[in-house]
Structure formats: C-alpha cells, structure tokens
Peer 1: 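I'd like to ask you about the structure that follows.
The chains referred to below are lettered A, B, ... by the order of the sequence lines, with proteins before strands, and numbering in each begins at 1. What you see is a predicted model; the values in this text were computed from it and never measured.
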Amino acid sequence: MRGKSDKTLTRLVPVLLTWFDQSARSLPWRTARGVKRDAYRVWLSEIMLQQTTVPHAAPYFIDFTTRWPTVDHLAAAKDEDVMQAWAGLGYYARARNLLKCARDVAARGGFPETEAALRTLPGIGPYTAGAIAALAFGERTPAVDGNAERVFARLLAMQEDWPAAKKRIAAIVRELVPASRPGDFAEALMDLGATVCTPKRPDCHVCPLAELCLARIEGAPEQYPVKPEKAARPERFGAVYVLRRAGFVWLVRRAPSGLLGGMLALPTSAWSETSAHTAAPLEADWRRVGDVRHVFTHFSLKLDVWTADVADADLPEGVWADEAQTAGLPTVFAKAARLGGVNVPKRR
DNA sequence: AACCCGGGGGG
DNA sequence: CCCCCAGGGTT
C-alpha cells in the first residue's frame, strides 16, 4: 500500500534500536538498559517535557522526585507547594493537571496500564498516553512527539500539508512499534530527533537512517517538515507594582484558570494596547523604576515597574511575602520584582 | 479544526 | 533577532 516506503520502514526498526543501544542519552528519568521503568517517574518526566526542553526540565524533575518520591507523596502535597515548585517551567495548567492526575491515580491505587485508560487522565493526551504505556508498561503503542514527526517527515520527504502529514506519521508509527521493545523504540526516535535529526542542521553523516532517508537523498533535509507560517505576535502593555515593607513584598494569587492561572504574582494593571498606571494596590509614593519585557506564547508584554515602600498597609487580598516565597513567582514577575529591588532567589 | 497556554537556549 | 521544543485542554 505504501509501495516504495515499505522497505525503508521495515528496515528502520532494527537499525534504530541498534543505534539506540550504543547512543542512548543518559537522563535523570531513564533506567539502565533492561531495567523496568517506574510509571510515576515516566509520567512526571513526560508532563514536564511537554513543550519543554530536556535541560530546562531536568533540574525540576530531580527536585520533584526528591521531595515527592512516589505518586502518593505528590497526591498528598499542598497545591501551593507544587505550584511554587513548578514556577519557571511554564504552561502552568500542566501543574494543576499534574496534581489532579496524581490524586486520581492515588485514589485508584496506581496508574492504569493501557494507552486507552491513561488517555482519560487529566494532562495526559495522545502522545503522553502512548509514551507511558510503552515506556512503563511495555504496551505496543506509539509515542509520536515533535522529534518523531520531524524524523518521519524527512525520512519519507513528506510534501503534504503538516496536519495531513502528522496524521499519516501517527498511522505509520503505530504499525512499526516493535512488540519486543516499544519503550526503547520511543526513546530511540526521541534521541535521534534531539541529537542527530535536529530542526535546523541535521547531522546526516552520523545518522543511522541516512541510507534510508529520502530528504537526505534529495539533498536538503532541513527543508522538512513543511510547516505553515505562524501568525505575528501582538504586543501588550501594562503596569506592575512592587510594594515593599521591611524586607517583605506584596503578592497576590492569580485566578485559578487562564494565563499564569493559580500562580503567585505581583499585582498588575490590565494588559492592553497602551500602558496605564491606574491600578496600584493602594495610594503611596510610587516611583517608576523601569520596565520588563516578556514573551508569552501568543503575545509580547511590556510592563512598567512601579515601586513604593510603606510602613504598614491595609490591603483587601494577598500576602506579605518574604524573599523565599518570591522563588515561586513565574518568570515575568521574578524579573519585575528584581527590578523593583527584591532579592528573588535563583531557583537552582 | 482553531485557539489558548511559558519559557528558554540555539542558531 | 527568530526559531521551536518529549502537547493538552477547551470550544
């Protein structure tokens, strides 16, 4: 049915696994070859790695597994402790779903062991369900992430539009997963994509699949995958307030959903097309000390930073936080707090 | 299917 | 400066 590509695809599996045996990365959530993987650690690492690079996620993984060694420990954790520990990793809905999922799993006595059942848990989508099932439970199920998609788009020199290509790749990989080593196959594709078949400058002369790769044969593998243009990123403006009192700073808790949902924050104005200093948490001798810029997924933000020192204050909501607590601020607020004279501890 | 949701490092 | 990364949830 796939004609010419059949041969390529059949040869791919053993070649890739042999390469993996020699070239696998050593990562904090991995085990020695042949050692059973722990579902909790697989799950936690996969959630942290969603849209997040390995070097950025790794220290968080070590921190979490040290503080909460099992899913039962994590399920029993306080929400605010988990949100603080997640600060700086981004996509904070992941942390909220992480806790929900941990509590669901603890309540039912452990992780479900099939792709289909895993898929029903909060924060676990098609990719993560396949990854956990394959890695932790040895199910013959695919784990197609951005790396695997790029590898296959090049291998088959896929010309169709990207949504169609992704669909075809998912179907192909589902057929290819070897029953003997489904988890190793998943990790092998990730490693190949991360270390050899990289987005901009694929290193084809060390690639175990070079002989099979149609994009390499064409001569310009970096032209794949063919992705649609993305929309321009608009800019928004606002004001952020650093209110200090004898070594403490005033922090508020953001609404439970939406941007930076549930996170500790500095008070801000609304963010709009223009900047306005109209939302200070109280009347004080405010001074503007500069601005911070931050890029979110779908817009850029510039916040004017205002500071004031008070002896006492009566505020409707929020907390006077010491410097240790400011380590739990998302990056945009950590930047603003530092500019406002607060000594925000470096996380790691 | 389209849109929402962070942050960082590499080129 | 631009790129995109071990994606999922919501509508």
Peer 1: So, does A/Tyr92 get its side chain near the phosphate of B/dG7, meaning an N or O under 4.0 Å from OP1 or OP2?
Peer 2: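 Affirmative; the distance criterion is met.
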Peer 1: When we call it a touch if two heavy atoms are under 4.0 Å apart, what does A/Pro126 touch: a base, just sugar-phosphate, or nothing?
Peer 2: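 Sugar-phosphate, no base atom in range.
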Peer 1: So which one's nearest nucleotide on DNA chain C is more toward 5', A/Val54 or A/Pro122?
Peer 2: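 Counting from the 5' end, the first nearest nucleotide belongs to A/Val54.
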Peer 1: In terms of the nearest nucleotide of DNA chain C, which residue is placed more toward the 5' end: A/Leu121 or A/Arg30?
Peer 2: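 Checking each residue's closest nucleotide, the 5'-ward one belongs to A/Arg30.
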Peer 1: Pick base, sugar-phosphate or nothing for A/Pro55, based on heavy-atom distances below 4.0 Å to the nucleic acid.
Peer 2: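 No contact.
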Peer 1: Below 4.0 angstrom from OP1 or OP2 of B/dG7, is there any side-chain N or O of A/Thr297?
Peer 2: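 No, because none of the side-chain N or O atoms of A/Thr297 sits under 4.0 Å from OP1 or OP2 of B/dG7.
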Peer 1: Establish, yes or no, whether the cationic atom of A/Arg245 lies under 6.0 Å from the six-membered ring centre of A/Trp250 and within 45° of the ring axis.
Peer 2: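 The answer is no, since A/Arg245 fails at least one limit relative to A/Trp250.
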Peer 1: Starting the side chain at C-beta, find the nucleotide from C/dG7, C/dC5, B/dG6 nearest to A/Gln50.
Peer 2: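 Of the candidates, C/dG7 comes closest.
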Peer 1: Out of A/Ile169, A/Leu214, A/Leu12, which one pairs with A/Leu155 under the side-chain contact (heavy atoms from CB on, under 4.5 Å) rule?
Peer 2: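 Among A/Ile169, A/Leu214, A/Leu12, the one meeting side-chain contact (heavy atoms from CB on, under 4.5 Å) with A/Leu155 is A/Leu12.
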Peer 1: Which nucleotide, B/dG6, B/dC5, C/dG8, lies nearest any side-chain atom of A/His298?
Peer 2: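 So the nucleotide nearest the side chain must be B/dC5.
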Peer 1: Has A/Arg150 got a side-chain N or O lying under 4.0 Å from the OP1 or OP2 atom of C/dC4?
Peer 2: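 No, A/Arg150 has no side-chain N/O under 4.0 Å of OP1/OP2 on C/dC4.
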Peer 1: Starting at atom CE of A/Met263, determine the distance to atom P of B/dG6, rounded to an integer number of angstrom.
Peer 2: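 Interatomic distance, CE of A/Met263 to P of B/dG6: 9 Å.
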Peer 1: Are any of A/Thr331's side-chain N or O atoms less than 4.0 Å away from OP1 or OP2 of B/dG8?
Peer 2: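 For A/Thr331, the contact criterion (side-chain N or O under 4.0 Å from OP1 or OP2 of B/dG8) is met.
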Peer 1: Among A/Glu175, A/Arg168, A/Arg174, find the one that has a side-chain contact (heavy atoms from CB on, under 4.5 Å) with A/Ile172.
Peer 2: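 Answer after filtering A/Glu175, A/Arg168, A/Arg174: A/Arg168.
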Peer 1: What is the distance, rounded to the nearest whole Å, between atom CZ of A/Arg233 and atom P of B/dC4?
Peer 2: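 It works out to 13 Å between those atoms.
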Peer 1: Mind checking A/Leu260 for me? I need base, sugar-phosphate or nothing, with any heavy atom below 4.0 Å counting as a touch.
Peer 2: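 Since only primed, P, OP1 and OP2 atoms lie under 4.0 Å of A/Leu260, the category is sugar-phosphate.
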Peer 1: Rounded to the Å, how far apart are A/Leu98 CG and C/dG7 P?
Peer 2: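 Atom-to-atom, A/Leu98 to C/dG7, this comes out as 16 Å.
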Peer 1: Give the nucleotide from the list C/dC5, C/dG7, B/dG10 with an atom nearest to the side chain of A/Lys200.
Peer 2: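 Selected nucleotide: B/dG10.
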Peer 1: Does C/dG8 pair with anything, Watson-Crick or G-U wobble, both distances under 3.5 Å, and if so, with which nucleotide?
Peer 2: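 Checking every strand shown, C/dG8 finds its partner in B/dC4, with both distances under 3.5 Å.
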Peer 1: Can you identify which nucleotide, out of C/dA6, B/dG7, C/dG7, has its nearest atom closest to the A/Thr128 side chain?
Peer 2: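 Shortest atom-to-atom distance from the side chain points to C/dG7.
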Peer 1: Between atom CD1 in A/Ile47 and atom P in B/dC5, what is the gap in whole Å?
Peer 2: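 Those two atoms, CD1 and P, are 19 Å apart.
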Peer 1: Can you figure out which of C/dG9, C/dG7, C/dC5 approaches the side chain of A/Tyr127 most closely?
Peer 2: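 Among C/dG9, C/dG7, C/dC5, the one nearest the side chain of A/Tyr127 is C/dG7.
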Peer 1: Nearest whole angstrom, please: distance from the P of B/dG8 to the CZ of A/Arg293.
Peer 2: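 Value for this atom pair: 17 Å.
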Peer 1: For A/His294 and B/dG7, is the shortest distance between a side-chain N/O and OP1 or OP2 below 4.0 Å?
Peer 2: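 Yes.
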Peer 1: Rounded to whole Å, please give me the gap between CG in A/Asp191 and P in C/dC5.
Peer 2: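 Answer to the nearest Å: 16 Å.
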